[in-house]
Trainee: 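Got a structure for you, questions after.
We name chains A, B, ... by the order of the sequence lines, and we start the count at 1 in each one.
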Number of protein chains: 2
Amino acid sequence: MGATKTDFYSEDQNKLSVIAKALGHPARIAIVDYLLKVDTCICGDIVSELPLAQATISQHLRELKNAELIKGTIEGTAICYCINKTTLNIFADYLSLVGQRLEMDKTNCCP
Amino acid sequence: MGATKTDFYSEDQNKLSVIAKALGHPARIAIVDYLLKVDTCICGDIVSELPLAQATISQHLRELKNAELIKGTIEGTAICYCINKTTLNIFADYLSLVGQRLEMDKTNCCP
DNA sequence: ATATAATATTGCAATATTACGATGAAATCA
DNA sequence: TGATTTCATCGTAATATTGCAATATTATAT
């Protein structure tokens with residue numbers, strides 16, 4: 001066991017969980033935060049920002065890229081990364097939808 | 001190895017990643033979706049909705065509860081679960097903040 | 001061509017997650 | 001009381017994740 005039964009779930013459910021999972025590690029949240037802080041796509045210098053080995057960060061970047069949360073373009077010997085707004089919005093939209101639904105039906109729910 | 005270095009990251013980063021991680025499985029997204037669909041807190045019948053054993057679902061519910069994404073109250077022999085709006089908003093707010101920042105600085109970023 | 005810089009990949013160990021059957025605990029009903 | 005229902009927990013197996021050192025790859029500079 002230990003393998004997720006993805007077949008049962010809807011496309012949306014699987015997609016959303018992939019995005020959430022990619023954000024489900026503090027290092028990857030930190031990478032997103034850093035990408036935001038530097039106000040432009042970053043070319044290099046992520047490694048010096050985090051207390052992780054270069055190999056580990058490369059791995060985290062790959063997972064963010066697999067989830068399409070970031071995209072990277074080669075720029076000489078460096079690689080420029082930036083946030084993929086489209087993917088981020090998929091998740092943001094989902095959450096705001098859930099939020100709206102919750103506003104509407106405040107049927108006598110758990111206190 | 002295999003243990004996350006949570007010490008380095010900010011409280012926010014850790015908290016956000018915990019919430020995201022809890023949503024990082026299609027079964028747990030499906031549970032949230034179901035909680036939303038039934039328009040009230042649900043008492044029972046999650047097990048029949050998903051192709052998972054009762055023990056497994058109980059485990060998923062526990063993780064959602066640990067992340068404070070849902071809360072449950074005992075109701076006779078059943079337990080009523082519903083979404084914890086507060087926690088959900090923490091994540092929704094984070095994403096909309098990121099979204100706003102991305103709108104502002106569209107400095108020549110990766111194409 | 002060689003050296004250098006930046007990032008990726010591989011291989012591996014430690015740990016975490018996912019899933020299930022079996023069992024346990026608490027409330028309700030006959 | 002004993003049976004039933006509902007959910008939680010324990011134990012365990014399969015698989016995934018995390019992190020790093022070592023090595024490979026790719027592009028630039030000399």
Trainee: Grab the CD1-P distance between B:I46 and D:dC7 for me, whole Å please.
Mentor: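 It is 8 Å, rounded to the nearest whole Å.
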Trainee: Select from B:V47 and A:H60 the residue whose nearest nucleotide in DNA chain D is closer to the 5' end of that strand.
Mentor: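 Upstream on the strand: B:V47.
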Trainee: If you check the B:R28 side chain, which of D:dC7, C:dA19, C:dT18 turns out closest?
Mentor: C:dT18
Trainee: For the pair A:R28 (side chain) and A:A22 (backbone), establish whether a donor and an acceptor sit closer than 3.5 Å, ignoring hydrogens and angles.
Mentor: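 Yes; judged by distance alone, with no hydrogens or angles, the pair exists.
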Trainee: Rounded to whole Å, how long is the line connecting atom CG of B:N66 with atom C1' of C:dT18?
Mentor: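 Rounding to the nearest Å, CG of B:N66 and C1' of C:dT18 are 15 Å apart.
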Trainee: Expressed in angstrom and rounded to an integer, what is the separation of A:F8 atom CZ from C:dT18 atom P?
Mentor: 17 Å
Trainee: Would you sort out whether B:F91 and B:L16 count as a side-chain contact (heavy atoms from CB on, under 4.5 Å), showing the intermediate values?
Mentor: CA-CA 6 Å; B:F91 207 79; B:L16 288 167; 3.8 Å; yes
Trainee: Roughly how many Å is it from CG in B:L64 to C1' in D:dC7, rounded to a whole number?
Mentor: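 Rounding to the nearest Å, CG of B:L64 and C1' of D:dC7 are 15 Å apart.
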Trainee: Rounding to a whole Å, what distance do you find between B:L23:CG and C:dT18:P?
Mentor: 12 Å
Trainee: For B:R62 and D:dA8, is the shortest distance between a side-chain N/O and OP1 or OP2 below 4.0 Å?
Mentor: no
Trainee: Taking atom types as they are modelled, would you say the side chain of A:Q54 forms a donor-acceptor pair with the base of C:dA6 within the 3.5 Å cutoff?
Mentor: no
Trainee: Given C:dA19, D:dA8, C:dA8, which nucleotide is nearest the side-chain atoms of B:S58?
Mentor: D:dA8
Trainee: The side chain of A:E63 is closest to which nucleotide in this list: C:dA8, D:dT18, D:dA8?
Mentor: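 Looking only at heavy atoms from C-beta outward on A:E63, the closest nucleotide is D:dT18.
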Trainee: At under 4.0 Å, does any side-chain N or O of A:T56 touch on OP1 or OP2 of D:dT18?
Mentor: no
Trainee: From the options D:dG19, C:dC20, C:dT7, select the nucleotide whose nearest atom is closest to the side chain of B:L52.
Mentor: C:dC20
Trainee: Could you check whether any side-chain N or O of B:N84 sits under 3.5 Å from a backbone N or O of B:E68, counting only pairs where one atom can act as donor and the other as acceptor?
Mentor: yes
Trainee: With respect to the side chain of B:H25, which nucleotide from C:dC20, C:dT18, C:dT7 is positioned closest?
Mentor: C:dT18
Trainee: A:L50 CG to C:dT7 P: how many Å, rounded?
Mentor: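 It is 13 Å, rounded to the nearest whole Å.
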Trainee: Closest approach to the side chain of B:K21, judged atom by atom: which nucleotide of D:dA8, C:dT17, D:dC20 is it?
Mentor: C:dT17
Trainee: Would you state whether a donor and an acceptor, one from the side chain of B:Q59 and one from the base of C:dA19, lie under 3.5 Å apart?
Mentor: yes
Trainee: Whether the side chain of B:E63 engages the backbone of B:H60 through a donor-acceptor N/O pair (distance < 3.5 Å, no angle test) should be reported.
Mentor: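 Not at all, since once roles are kept as given, no pair shorter than 3.5 Å links the two residues.
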Trainee: So how far is it from A:I83 CD1 to A:L64 CG, rounded to the nearest 0.5 Å?
Mentor: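 These two atoms lie 9.5 Å from each other.
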Trainee: For A:Y81 and C:dA8, is the shortest distance between a side-chain N/O and OP1 or OP2 below 4.0 Å?
Mentor: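 Yes, such a contact exists.
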Trainee: Check the distance between D:dC7's P and B:L61's CG and give it to me in whole angstrom.
Mentor: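 Atom CG in B:L61 sits about 9 Å away from atom P in D:dC7.
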Trainee: If you only use heavy atoms from C-beta on, which nucleotide in C:dA8, C:dT9, D:dA8 is closest to the side chain of A:A55?
Mentor: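 Nearest nucleotide to the side chain: C:dT9.
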